[in-house]
Amino acid sequence: MPDERKRLMMQEALDDVLSHDEQIELFSHLDTDAEDAAHYTRLQQVDSLLRTAPYERAPRRLALTIMARLGESMKQEQKLRLTDSPELSEAAMQVALQLVTVATLPMLIGASYLLLNAMSDPAIMETVLQQVAALYILVIDVMKVMLEQAQEVYKDNPEAAIALLALMPVTLLKLVEIVLGYEDDET
Amino acid sequence: MSDPIIYQWVTAAIAGDQDAFAELVYTFQDAVFNLCYRLLGDGPEAEDAAQEAFLRAYNNLTRYDGERSFKTWILSIASNHCIDRLRKRRAIYVSIDEPISATLSLASTDPQPEQVALSNERSRRIQALLNELAPDYRTAVVLRYWYDYSYIEIAEILETTESAIKSRLFRARQMLAEKLGDSAAPGHGLRNPLLEEGI
């Protein structure tokens, strides 16, 4: 039956944590016990084998792959963050569509003006009514298509709603510029 | 206490500087990869585990304690991840003669072909022996021999007690000694070049 204390001392000797006195005790024991001496030799072989074990270096592509995966995961996270806040994207989409409606208002006001002027002549009135009705239908159709397309875009790219919102003031300003420029030309 | 430059990189990475995190990756990739390779015994899987360890580290950088060594911290993440992977595997006991993936040839240096062959042979045999150990024992052995960590440091990395580490190391060495003895025993049919080399 092996002496457990001696076996423990052998292990501690390998890790250099055995006191001087214990070392003397252990090596005296090994001089007299062939079985334990053989066991200690095997432990030393394991110890030497592990101490001289090669160190595997990382493949050269590892760092690049990690950084690429990190970039990809950050992109995904950003997308998720936007998808996770539908209130923000939906609100942006609503505001953008309302701005589109506001942009089409001058056209509708113009149509109403024409309608009022044409009230004196039934023939003109009929033509104007038809044209205004056609205009309204056209505007409604355009709005419907825009809404459907916006919903599609929003589904794939939630950030598009915010981009659309950001672009609207610029577009409106351009429209105002065009209208003012037209009025200046008239005068 | 962490190296000031390392700490600076960590702080910058937390602030969103990816170049700073890349510096951390370049500095510790070998240590993390070697640990994963020694624990998993498979090159491609070790590569994947090393990537995962770094990504986990990035996502938890704010939890890193600057008073600790960054290397210890990242190795702790990597070893826990590898232990999880090993536990998910079925207990497969690999024969000492089972070949290890060719991708594991030492890509690091440019030694002579003979040296490469010898080194590969040594690496292969060591890995085959390691593969026979349970994950907890294997981790303790790898951290002790490849990273020269003390019992206390290993206990800190594996979140256990010093006596548990001591016991795992003792038991692991005992088992490895038996395996080495078995593989060299007459009639076993296996040559043991390690013993023949007089190691």
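In what follows, chains carry the letters A, B, and so on, assigned in the order in which the sequence lines appear, proteins first and then strands, with residues in each chain numbered from 1. Only this structure's heavy atoms are used, side chains among them; waters, hydrogens and symmetry mates stay out.
The backbone N or O of A:T127 sits nowhere less than 3.5 Å from a side-chain atom of A:Q130 that would complete a donor-acceptor pair. Without hydrogens or angle criteria, B:W73 side chain to B:R63 main chain gives no donor-acceptor distance under 3.5 Å. With B:R138 contributing its side chain and B:N131 its backbone, the two residues share a donor-acceptor pair below 3.5 Å.
Residues of residues 15-28 of chain A lying under 4.5 angstrom from chain B, judged on non-hydrogen atoms, are A:D15, A:V17 by number.
By the 4.0 Å N-to-carboxylate-O rule, B:R144 lies close enough to B:D148 to be salt-bridged with it.
Listed by first and then second residue, the salt bridge (charged side-chain N to carboxylate O under 4.0 Å, His left out) pairs involving residues 23-38 of chain B are A:E56-B:R38, A:R57-B:D30 (not counting sequence neighbours).
Contacts with chain B were tallied for A:E12, A:R7, A:M10; A:E12 has the most, counting heavy-atom pairs under 4.5 Å.
The contact between B:V141 and chain A is made entirely by side chain atoms (from C-beta outward), counting heavy-atom distances below 4.5 Å. Proximity to chain A involves both the backbone and the side chain of B:L176, based on heavy atoms less than 4.5 angstrom apart. Residue contact with chain A, scored on non-hydrogen atoms closer than 4.5 Å, is absent for B:F28. For B:F54, the part sitting under 4.5 Å from any heavy atom of chain A is the side chain, from C-beta outward, and nothing else. Heavy-atom distances place both the backbone and the side chain of B:A31 under 4.5 Å from chain A.
For the residue pair B:R56/B:N59, the side-chain donor-acceptor check at 3.5 Å is not satisfied.
Under the rule for a salt bridge (Lys or Arg N to Asp or Glu O under 4.0 Å), the partners of B:D48 that lie at least two apart in sequence or sit in another chain are A:R69, B:R85.
Using cut-offs of 30° and 60° on the angle between ring planes, the pair B:F70 and B:Y64 is perpendicular.
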For residues 11-19 of chain B, dump all side-chain donor-acceptor pairs below 3.5 Å to protein atoms at least two apart in sequence or in another chain.
| from | atom 1 | to | atom 2 | distance (Å) |
| --- | --- | --- | --- | --- |
| B:T11 | OG1 | B:Y7 | O | 2.7 |
| B:D17 | OD1 | B:D19 | N | 2.9 |
| B:D17 | OD1 | B:A20 | N | 3.3 |

